[in-house]
Peer 1: 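Take a look at the following structure, please.
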Amino acid sequence: MAARSSQGAARFSGKAPDYKSDKGASSRVDSRPAFADWIVPEHCKDLLRSFVDADGRMKYLEMLQQVANRKLRSVDISLDDFCNDFDAEMLVQRIRTNTKRYLGLFAEAIDEILPDPTVPIDVDDDYEVLMRQRNNDPSENADNADPRQTLPAEIKRYFEVHITALASEKPRALREVRASHIGQLVKVRGIVTRCSDVKPLIQVAVYTCEECGFEIYQEVTSRTFMPLLECPSTRCRTNNVKGRLILQLRASKFLKFQEAKIQELAEHVPKGHIPRSMTINIRGELTRQVLGPGDLVEISGIFLPVPFTGFRAIRAGLVADTYLEAMSIKHTKKRYEEYVLSGIEQDTIEALAQDGQIYDRLSFSIAPEIFGHDDVKKALLLVLVGAPTRHLKDGMKIRGDLHVCLMGDPGVAKSQLLKHMVTIAPRGVYTTGRGSSGVGLTAAVHRDPVTNEMVLEGGALVLADMGICAIDEFDKMDETDRTSIHEVMEQQTVSIAKAGITTSLNARTAILAAANPAWGRYDMRRTPAENINLPPALLSRFDLMWLILDRADREIDSAMATHVLHVHTHGVPPPTAGDPLEPSMLRAYVAMARRVVPFVPRTLTEYISSAYAALRQEEAQSNAPHSYTTARTLLSIMRISEALARLRFSTTVVQSDVDEALRLMQMSKFSVYADDQRKTGLDPISTIYTIIRDESARLRTLRLKYGDVLNQISVKGYKEAQLRQCLEEYAALNVWQLDPQTLDIQFVDV
Amino acid sequence: MVAPAVDLLRNPLGAVRGLFSIAAMVASPAPAATLELSGGDWGIKGVFDKFLYEEGAIAQVPHIDDLAHDSIPSGSLVRFRGMIQDMFDVEYYVGAYKDCNTWQTNKYTDSPVPQDTEQQIWDRRLFYCVPIPGENQWMKNTWHSNAVQPDATSQSLKRKREDIPATVESMDCDSPTKEHNSCLVKIYDGNDADLKLNDIAEFVGIVWKESELVSISASDSSALAESLMEDDTSLQLPSSTVPRLHCITMRKLSAYSIPSQPGALADICSVRESLVCTLQSVLGEDRLAAEYLLLHLLSKVYSRVEPLAVGKFSLNFSGCQAGADGSVSLVASAVGHAISVLLPCSQVVPLSLEDLNSCLIAPRKDYATNRLVTGGLQLASGTHLTLDETALNTGRLNETGVKNLQSLKSVMESQKVDYDFQYYQMEMPTDLPVLVVSCGKSRILPADALVPLRCSAEAARIHAEASDLSKWRIYLSSAREADHVIEPSMQKIVEEDLVAARQKDRTVGSETFHRWLTMARLLSLSYSERSLTRERWEMMKELEMRCAARLRETTT
């Protein structure tokens, strides 16, 4: 290793825990001699002095001025800033692989170039008094016999230096950090499992000698230190008096110090392994940034070993413990709003959005292993996307979250759909109506056994704030929870007035409910209302209500048999038509879509209101109304259309969105009332004919465009093939004539 | 590479050091080269693999738990067979140091290195391994009789065990003090890549113990232990009770497999018939139940298609009487005993309310000690569980009890156990065939198949010749391992059958389909057939029909 000519550097390396410069691992310090050590401190100074950020400001000089003015304690040196520098790559690489050393070098560089304060500084500060005194009589203390008598640079410093990793560096999983990373700057992600209090850590111990009165300094770099007992000064030694040293707590320098443990995130742990953990040391200004266990954090820091001391060293055979000395701490929150997309994800999403089939592709990617249920999955996709919440001028809030209820026979994979949704959503809570915990769905007031204070504990709905709450066994819910769910579903708050606590908690969540019919299985002999067994007030709050029945259908049965057989013979599910997207990709796409705030153009309002009016009309005509078309339904249409627009990343809702929304609502009703329709005796072909005839009467025209008719009938839930059949059949009867190219309809005027 | 002329058995460390010095010499004297040395293993594993497995020296390596602790000197070659119960964090150690300008290695030891030398820090993985839970005595004997050991003759395979099978009192959580016979295995060079939690493996390596002086100081460290850094797990596991094994080579084992199978069985059908007859007598002369039980014993999860575990076949025997005052019911104990002499690993668990309520059976992480607290469900794949529901009486379940039942349910439904890491749950796939013995149909624990027992005689304990027993064991083990296919022509027939069945009866759903296909597969395997035939398919339907008829009788 090249000899260091700089006095400062030599002193530093002698005392600081500079792992790299120790004799032990010299092999890992750069062997390239091109970058002689003596120019490094100069270079560090230059870097700090000359750096100009994108706004043309001298970022570091301004920072240093603030440090000099005692306004700032931590100097964060970002590696990103050096990327544009000459032979930047090499320098950044050197800093990253030998960070501890460069921290010292930067600290020394700052010592030298620190400007004078531009504002008066409080002179009565302990620190100031001591520093002034030390500066006044430097000669007295320095008989220079022992390095322990020179004032260490560390005690003079009012600042700390942090080097933060490149923003572009991908955070690692804990298990990717190996012995070869020792001494390097690494960036990891994890969940905090334990966290200590902030404690003082001695950095420089200061002693005074009883005999000679000199101040003796001892830099402490480990967690434990052996206090000095004998004065090392020349005077004491020549007089052979063995002056006793007294530790001066006030003069010593302490540092705030906190320890934390982080554990690997669940998604980083390979199947069948135990998550690993790592100790984090947090010093100075970074303390108290980790709030407590359960926080998701991204930490960049230096991975360092601590050799065991004392008995443990002997026992453990010099096994080294390791820790990460934190350089920067960032909380990562798993919410759509904070979702940061990587470049690749962004590109993929944009490519996906170009693809016209994105709506089908995304909905298909929800629980791809569950067979069929295409429209249900579409509805679930819309639950994920949601619509923006509207705040009206008078303080009213219109929710944007979609609520969907799945009702159906046992064993139609309702629960699996629910569970899958919870895993896709960044924040999802799965619970059952008979929630196992005492807190239940909403919130509960507890008496804390230790402090005897009343504490409020949020239930599933509160925990799912800004996410999705999947409630299984919705029908078996407690009466009390069911009443409070009314409030959650429309006002999106939970109000509590218990034990002297009255408050309102936010519960801005989309509710996804699953319920069994009233008698366990859907009973065909009874009316749908009897089967559903939920009060209308609750039902009307669901935007979509789906009934999944287990019907005898040879096609479905045989598909199921093939599926099961395939699973048993090949050990994999049969290949599906399109390849489903990864849940992470789905999440990223939804996060992106949720940023769009679509609006309904004025031109469409007419169309929506007429559709709504038609729904109301239909209901009024029917002798046994199954649906409760209310103003809420209108809002539902808007919400679903907006969610659909979001999926296209479009800020304007177009007519096709509204049509699809109406179709979904119709389909959900069809799923409930399909049997009813069968009883009325009308086959789909005649119904389509009726629709077309009514349409022509409404528009007072005998000529209808094929595209318009197709829209009309698909809104009512019929297929294109049925329309074609109808057109042909009635054309044969000479009711109308068809344009051979466009299939436009011309009624035969009678 | 020239293998050094050292006795690998007596002086393995000598061999390691010899190989290292050769490698260090070959590598250039530049200091950077030592970094590369840490990556390779200098041919050590190859040398030992050849010596142990090709030359058959493995038999001469003593088992660590056969020997009294004091009798093993540090640095000798031993082996240990066990289940990985916990994985600790990576350990960093001084791998090499410079002693008088030559590099010395400290790999495969815990010995102290001289201070003030140039050092290299390398890493190694730590696995906490325990003797295989629920392993039956005959299996232990089979393994250990292979080894050269003085008391091998007294524990020969032929010794017939008349005492109680491995009946656990309850699925209690192990107290951390239960470190009996466990071992801390240190693994080098990423050889652990395919080892998972709960895997069974045989590790061969160098045992290392620390001097007595040091183990005393463990108590001394309590003052230090207040900080978070000090929750080092090795502190809680003093090497005086938990030996350290520096693994040189290892092989993964399965809980199904029996070592040293003497060739294939001659007449599969007669072996099968005799086994079914024996099971029939165990089950009070119920032939149908015996057939189901045989299929159940052959079942294993052979693939996973989320969320399904394909191939599992849990069984529920209903119509069993509870044992006198809370003990295991007669059927459960007879079946449990039979299984314990037939399968390598098994457990009988009476589900009593007190046990369910007292402690969690799913493992959880204890952050105070940074260790995994094991539970009754932390078992190696292939361990058979007999749950005796007749021991359950009415009462209230507390939160623990509810969680325990949910864990059992998730094992039966999807063969997964949720390990509680407090901040999140980790799903661990397992493969535990579960047999539920209950009075009526078990509604708490949903089994794949329900068979009401019709005992015409008392359930009796298994009585069989040792030669028969070993034949059955080999039969079960080989049938379990075998592969099976359904030919496309057969697939068509099966598919049509399934659709027809569903058209006839709407209650026949995908669950029934899965059950039938699993049973058909197991039936074929039980006749040692590798592909499904029409005959076995019909046989399966016949079994199902008889079972369904019984069910109808019981309900009316």
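We name chains A, B, ... by the order of the sequence lines, and we start the count at 1 in each one.
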Peer 1: Which answer fits B/L372, side chain, backbone, both or neither, if we ask what part of it has an atom under 4.5 Å from a heavy atom of chain A?
Peer 2: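 For B/L372, the side chain is the part near chain A, not the backbone.
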
Peer 1: How about NZ on B/K252, more than 12 heavy atoms from neighbouring residues, nucleotides or ligands closer than 6.0 Å, or not?
Peer 2: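 Enclosed: over 12 neighbouring heavy atoms sit under 6.0 Å from NZ of B/K252.
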
Peer 1: Under a 4.5 Å heavy-atom cut-off, does chain A meet the side chain of B/M426, its backbone, both or neither?
Peer 2: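 Just the side chain, heavy atoms under 4.5 Å.
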
Peer 1: Sort B/Y302 into side chain, backbone, both or neither according to what part of it lies under 4.5 angstrom from a heavy atom of chain A.
Peer 2: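 The answer is the side chain of B/Y302.
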
Peer 1: Can you tell me which portion of B/V494 sits under 4.5 Å from chain A's heavy atoms? Options are side chain, backbone, both or neither.
Peer 2: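 Looking at B/V494, just its side chain touches chain A.
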
Peer 1: Between A/V567 and B/S303, which heavy-atom pair has the shortest distance, and what is it?
Peer 2: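 It is O-OG, 4.4 Å.
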
Peer 1: Does any backbone or side-chain atom of A/L174 lie under 4.5 Å from a heavy atom of chain B? Answer side chain, backbone, both or neither.
Peer 2: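 Nothing of A/L174, per the 4.5 Å heavy-atom cut-off to chain B.
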
Peer 1: Say you draw a straight line from NE2 of A/H566 to CG of B/L517; how long is it, rounded to the nearest 0.5 Å?
Peer 2: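 Answer rounded to 0.5 Å: 13.0 Å.
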
Peer 1: Could you pull out all residues at least two apart from B/D123 that satisfy side chain to side chain donor-acceptor pair (under 3.5 Å)?
Peer 2: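 In terms of side chain to side chain donor-acceptor pair (under 3.5 Å), with neighbours along the sequence ignored, B/D123 is linked to A/R178.
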
Peer 1: For B/R515, enumerate each residue passing the side chain to side chain donor-acceptor pair (under 3.5 Å) test, keeping only those at least two apart in sequence or located in another chain.
Peer 2: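 With sequence neighbours excluded, B/R515 shows a side chain to side chain donor-acceptor pair (under 3.5 Å) to B/E544, given in chain and number order.
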
Peer 1: Please work out whether the ring planes of B/Y92 and A/F303 are parallel, tilted or perpendicular, with thresholds of 30° and 60°.
Peer 2: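 Perpendicular: the ring planes of B/Y92 and A/F303 meet at over 60°.
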
Peer 1: Within the distance-only criterion (no hydrogens, no angle test), does the side chain of A/H568 pair as donor or acceptor with the backbone N or O of B/G311 below 3.5 angstrom?
Peer 2: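 No; zero donor-acceptor contacts below 3.5 Å.
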
Peer 1: Sort B/T518 into side chain, backbone, both or neither according to what part of it lies under 4.5 angstrom from a heavy atom of chain A.
Peer 2: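 Contact with chain A involves both backbone and side-chain atoms of B/T518.
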
Peer 1: Counting only non-hydrogen atoms closer than 4.5 Å, does B/K365 touch chain A with its backbone (N, CA, C, O), its side chain (CB onward), both, or neither?
Peer 2: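 The side chain, not the backbone.
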
Peer 1: Would you check if B/F513 and A/L565 make a side-chain contact, meaning some heavy-atom pair closer than 4.5 Å?
Peer 2: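 The answer is no, as the side chains (C-beta and beyond) never meet within the 4.5 Å cut-off.
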
Peer 1: In terms of heavy-atom pairs under 4.5 Å, which option from B/Q491, B/R521, B/E495 contacts chain A the most?
Peer 2: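 Ranked by heavy-atom pairs under 4.5 Å with chain A, first place is B/E495.
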
